[in-house]
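This report concerns only the one structure given below.
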Amino acid sequence: MKKHAGLGIAAMLTAMMIVTAACGSSANEGDKNSKPASGDQKITLGFAQVGAESGWRTANTNSIKESAAEAGFDLKFSDAQQKQENQIKSIRSYIQQKVDVIAFSPVVESGWDTVLKEAKDAGIPVILTDRAVDSKDDTLYKTFIGSDFVEEGRSAGKWLLDKYKDADGDVNIVELQGTTGSAPAIDRKAGFEEIIKSDAKLKVIASQTGDFTRAKGKEVMQSFLKANKDIDVLYAHNDDMALGAIQAIEAAGLKPGEDIVIISVDGVKDGFVAASEGKINFIVECNPLLGPQLMQAVRDVLDGKEIEKRIVTEEGVFTSEDAKRELPNRKY
Ligand code: AHR
């Protein structure tokens, strides 16, 4: 079973910036209206957020707002309510307003090239946070700051593989996927499958989206329970869906964490509470506190500094025992 040493926030913020790809570019290249961060003018940052679908997202939004205020930036913030068209509208409005930098967390991976080209033509640098785009042209954005979602899926799979290594008979797994087409849903599924395929008894018998929300997680788990008598494991792509599923499992007279083993991703406080009560067995952390890294990247881009194309956040994993110990220190 993997172990995690809980990271203190201060240590985490300094340790978080792990560079994985040395493909830095001159950040200001081609930006017509960029200005030095050290200048007199206040920096305007337009941020197009995905929505408010989960505890993770709330923590992410708070981190961005607080860090922008601390940095003295003028933050223009919009909530797309998990709709790509809303995010595109916000980005276009930031282009019209001639903000200095645009940052966003793309709700889905595809369909961004046109609006990203519009930003590039207007000379406004774009920074991706949290989620990636599948664009072939990586000059359309300066950097992507966020987790390695494939690795998160692998961590979930490795724990399961180890847990059932000596078990006899099939292990029936149900999966609650995140938002269809989103990077975390695609990657967490892929990473998990890559690992569990090495043991034929680990079988995903049902897999459906719960859109990263508690309500949908509950609803889909209810239908899983109706259709399948023998569920051994739930793999939820985030804590909120796992928490909704726990309600459905308890309503069906079963014990979450015992009758059905639960793995989830995020590590928000509510998830930690459930894990410390033994209702979630294993949590793969996904760090939402991206604000400080984003503000630093904004400054670096505007100052024309070299910036790495990919900045990966450092994360841990937590068993129920780890969660019990770590809960009092959990900040979000
Ligand atoms: O993109 C990160 C994911 O989005 C988080 O895991 C999930 O909770 C959120 O909604």
Side-chain angles (χ1 to χ4, degrees), residues 1-4 18-21 23 56 106 108-110 128 130-136 138 144-212 217 220-221 224 228 231-242 245 260-267 271 275 280-287 309-319 322:
M1 208 173 284
K2 291 196 80 188
K3 278 269 169 210
H4 170 75
I18 292 181
V19 171
T20 53
C23 46
W56 189 99
V108 289
E109 277 190 336
S110 305
L128 304 177
D130 165 36
R131 297 184 184 179
V133 296
D134 64 4
S135 176
K136 297 272 172 295
D138 74 358
F144 164 37
I145 304 168
S147 308
D148 182 338
F149 296 135
V150 177
E151 202 45 49
E152 291 174 351
R154 287 191 191 118
S155 296
K158 283 176 193 164
W159 182 81
L160 198 66
L161 200 65
D162 186 57
K163 179 167 177 63
Y164 287 99
K165 63 177 185 294
D166 299 323
D168 293 325
D170 287 350
V171 177
N172 293 330
I173 304 161
V174 294
E175 180 181 31
L176 279 169
Q177 296 178 38
T179 303
T180 305
S182 69
I186 295 166
D187 293 351
R188 286 173 187 165
K189 184 173 179 53
F192 184 72
E193 282 171 358
E194 178 193 310
I195 299 298
I196 64 159
K197 73 176 180 211
S198 67
D199 186 343
K201 69 176 179 291
L202 299 178
K203 292 193 161 57
V204 178
I205 56 165
S207 180
Q208 210 177 302
T209 182
D211 213 11
F212 282 129
V220 177
M221 190 68 206
F224 284 164
N228 306 280
I231 300 172
D232 299 304
V233 176
L234 163 67
Y235 169 43
H237 289 190
N238 82 343
D239 286 345
D240 279 81
M241 291 189 295
I260 297 179
V261 166
I262 301 180
I263 305 171
S264 77
V265 186
D266 274 357
I280 295 179
N281 306 76
F282 191 66
I283 294 180
V284 180
E285 186 178 37
C286 180
N287 191 344
K309 207 77 198 179
R310 179 73 172 103
I311 300 168
V312 181
T313 48
E314 190 175 278
E315 289 154 349
V317 292
F318 301 83
T319 61
D322 299 328

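The only member of E151, E193, E152 that meets salt bridge (charged side-chain N to carboxylate O under 4.0 Å, His left out) when paired with R188 is E152. For the side-chain contact (heavy atoms from CB on, under 4.5 Å) criterion with D232, the lone passing option out of L202, V261, N172, D170 is N172.
Residue S147 holds its OG atom at 10.5 Å from CZ of R131, rounded to the nearest 0.5 Å. Summarising the geometry, atom CG belonging to L176 is positioned 12.0 Å from atom CD1 belonging to I263; distances are rounded to the nearest 0.5 Å. Between atom NZ of residue K189 and atom CG of residue D187 there is a gap of 12.0 Å, rounded to the nearest 0.5 Å. Atom CZ of F144 sits about 4.0 Å away from atom CZ of R310, to the nearest 0.5 Å. Atoms NZ and CG, on K201 and D168 in that order, are 8.0 Å from each other to the nearest 0.5 Å. Atom CG of L160 sits about 12.5 Å away from atom OG of S155, to the nearest 0.5 Å.
Side-chain atoms of F282 and V317, non-hydrogen and from C-beta on, do get closer than 4.5 Å to each other. Using a 4.5 Å heavy-atom threshold, the side chains of I231 and M221 count as touching. Counting only heavy atoms from C-beta outward, the side chains of I283 and D266 never approach each other to under 4.5 Å. At least one side-chain heavy atom of F212 sits under 4.5 Å from a side-chain heavy atom of M241. Side chains of E109 and V133 form no contact here, defined as non-hydrogen atoms less than 4.5 Å apart. At least one side-chain heavy atom of W159 sits less than 4.5 Å from a side-chain heavy atom of N281. Residues F224 and I260 form no side-chain contact, since every pair of their non-hydrogen atoms from C-beta on lies 4.5 Å or further apart.
Smallest separation of non-hydrogen atoms from I173 and I196: CD1-CD1, 4.1 Å. Across all non-hydrogen atoms, the minimal contact from W56 to C286 is NE1-O, 2.8 Å. The minimum heavy-atom distance between L234 and A245, with the atom names listed, is CD2-CB, 3.5 Å. Heavy atoms only, all atoms of each residue included: Q208 and V220 are closest at CB-CG1, 3.8 Å. Residues I280 and A242 come closest through the heavy atom pair CD1-CB, 4.2 Å. The shortest non-hydrogen separation linking E315 to N287 is OE2-N, 2.7 Å.
With hydrogens and angles ignored, the 3.5 Å screen pairs a side-chain donor or acceptor of D239 with a backbone N or O of G267. Remark: side-chain polar atoms of E175 are not paired, donor with acceptor, to backbone N or O of S207 under 3.5 angstrom.
Around the NZ atom of K203, the shell of radius 6.0 Å holds more than 12 heavy atoms that belong to other residues, nucleotides or ligands.
With sequence neighbours excluded, the residues that form a ring-ring contact (aromatic ring centres under 6.0 Å, His included) with Y235 are F192, H237.
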